[in-house]
2 protein chains.
Amino acid sequence: MRVSREQAAENRKRVVKVAGKLFREKGFDGIGVADIMKAAGLTHGGFYGQFASKDALAAEALSAALNASAERWRARAAAHPDTPLAALVEAYLSGDHRAPHSCAIAALASDAPRQAGPVREAYDTGVQELVAILAAAMPGGEPAERQRQALVTFATMVGAVTLARATPDENFASAVLEACRVKLTR
Amino acid sequence: MRVSREQAAENRKRVVKVAGKLFREKGFDGIGVADIMKAAGLTHGGFYGQFASKDALAAEALSAALNASAERWRARAAAHPDTPLAALVEAYLSGDHRAPHSCAIAALASDAPRQAGPVREAYDTGVQELVAILAAAMPGGEPAERQRQALVTFATMVGAVTLARATPDENFASAVLEACRVKLTR
DNA sequence: ATTATCTATAGATCTATAGATAATGC
DNA sequence: ATTATCTATAGATCTATAGATAATGC
């Protein structure tokens, strides 16, 4: 039954990762502790030895998912030093982001405001981080103006993916993503 | 116990209206049938005489809420015949839309894709309707270009309200709404 | 007689906890 | 000896249904 400390730490990380995916897919209320643990290959009861509560896991999983997103954004911007903004926008507005477990900001957009403090703070921190990366990728202008541009760009990106995810109409989804892609990169 | 047919129809409408508000506020999974009926001044058991299921109520409530939104949008555009776009954008991006029961599109953005067919279809119909109103309000261009502009504008509006609702940081929320307002109306 | 609404409950599911088990790590 | 994980369950909550009640409407 018992495993090594190293293995236990790995198990814990796996729970956080699996939870991040399942929460994005099904929402905070749409998946239970038992199913998260099962998906991580553990049993329900073991959960409370590693986490204080489901809420605590939610905050940690969201935070980890958003840190991973920010890391990917930074790598992508660095890989396209001449056109970082276009690289970020195009990756985000690709059809992949319609997947049920895509970007946590879009996937949990309407769930976040209903959650307790720690989850909302993790969400907010993630938003600020991604906006900061966008602001740095803006081609020009004063810092305050770049920030404003980044806010509008991010709102458009999140809105586009949100609408594309929500509609069952594939053509409409593609049209929204494409129109926003053109607008934000031209 | 029993009430007149007229009164029963009124009661049913009240349930739909109250459900629309509560679903937007707490999400489809965040409020139960019993609490919806209680908020409408009825008892839990009476629900299934009027509705086939919670899902059926969800679809009907969403549809009604979005029809009401479209009606308000049309009235607003008609009230500002010279600047319909600015009127729509400004009303939508006012701080009021941070309220927990604001626009169903933003309030249920990440809940909708997880719901069954009828709810998703109601969401989709609402989106198409609002986009069409925006397209009609666009100052110029070919129909296809107006549609593209409307898609981008709506994505930005929804993204802005979504982010403003999610963040606990009032200043950040205001900054997002204001930046998008300026961008979309200039 | 019909029916809108009520009370009561079945059955499923969810969070959290209690106590047992067995392998690790001092 | 400690502890990561397991089994089992308490207690709460949720959807849906069954059957009773009492006022409406033919």
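Just so we're on the same page: letters track the sequence lines, and every chain starts at 1. All of these numbers come straight from a predicted model, not from anything done at the bench.
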**OP:** With sequence neighbours left out, write down each residue that passes side-chain hydrogen bond (donor to acceptor under 3.5 Å, both in side chains) with B:E60, or none if nothing qualifies.
**Re:** B:R12
Original post:
Between C:dT5 atom P and B:Q7 atom CD, what is the distance in whole Å?
Top reply: 8 Å
Subject >> A:R181 side chain to A:V89 backbone, donor-acceptor under 3.5 Å >> reply: no
Original post:
What nucleotide among C:dT3, D:dT3, C:dT5 has an atom nearest to a side-chain atom of B:R5?
Top reply: C:dT3
Original post:
When only distance counts, do a donor and an acceptor, one from the side chain of A:R2 and one from the base of D:dT2, lie under 3.5 Å apart?
Top reply: yes
Original post:
Counting only heavy atoms not in A:E145, do more than 12 sit closer than 6.0 Å to its CD atom?
Top reply: yes
Subject >> Over 12 foreign heavy atoms within 6.0 Å of NZ, B:K54 >> reply: yes
Original post:
For DNA chain D, which residues in residues 12-20 of chain B have a heavy atom at a distance below 4.0 Å?
Top reply: none
**OP:** Would you indicate what A:S4 reaches in the nucleic acid, counting non-hydrogen atoms under 4.0 angstrom: base, sugar-phosphate, or nothing?
**Re:** sugar-phosphate
**OP:** Return the value, rounded to whole Å, for the distance between atom CG of A:N11 and atom P of C:dT24.
**Re:** 13 Å
Original post:
Paired with D:dA16: which nucleotide, if any, by Watson-Crick or G-U wobble criteria at under 3.5 Å for both distances?
Top reply: C:dT9
Subject >> B:R72: partners by side-chain hydrogen bond (donor to acceptor under 3.5 Å, both in side chains), with sequence neighbours left out >> reply: B:S69
Original post:
For B:N11, which residues count as a side-chain hydrogen bond (donor to acceptor under 3.5 Å, both in side chains) partner, sequence neighbours excluded?
Top reply: B:Q7, B:R14
**OP:** Classify the ring geometry between A:F47 and A:F51 as parallel (under 30°), tilted (30 to 60°) or perpendicular (over 60°).
**Re:** parallel
Original post:
Could you state the CZ-P distance from A:F51 to D:dA4, rounded to the nearest angstrom?
Top reply: 12 Å
**OP:** Please list, chain by chain and in numerical order, all residues satisfying side-chain hydrogen bond (donor to acceptor under 3.5 Å, both in side chains) with A:S63, sequence neighbours excluded.
**Re:** none
**OP:** Could you run through nucleotides 8-19 of chain D and give me one letter per nucleotide, 5' to 3': B if any protein heavy atom sits under 4.0 Å from the base, S if only the sugar-phosphate is that close, - if neither?
**Re:** -------BBB--
Original post:
With both distances under 3.5 Å as the test, what is the Watson-Crick or G-U wobble partner of C:dA22?
Top reply: D:dT3
Subject >> More than 12 heavy atoms from other groups under 6.0 Å of CD on B:E170 >> reply: no
**OP:** Remember a base hit wins even if backbone is also touched, and classify B:Q50 as base, sugar-phosphate or nothing at under 4.0 Å, heavy atoms.
**Re:** sugar-phosphate
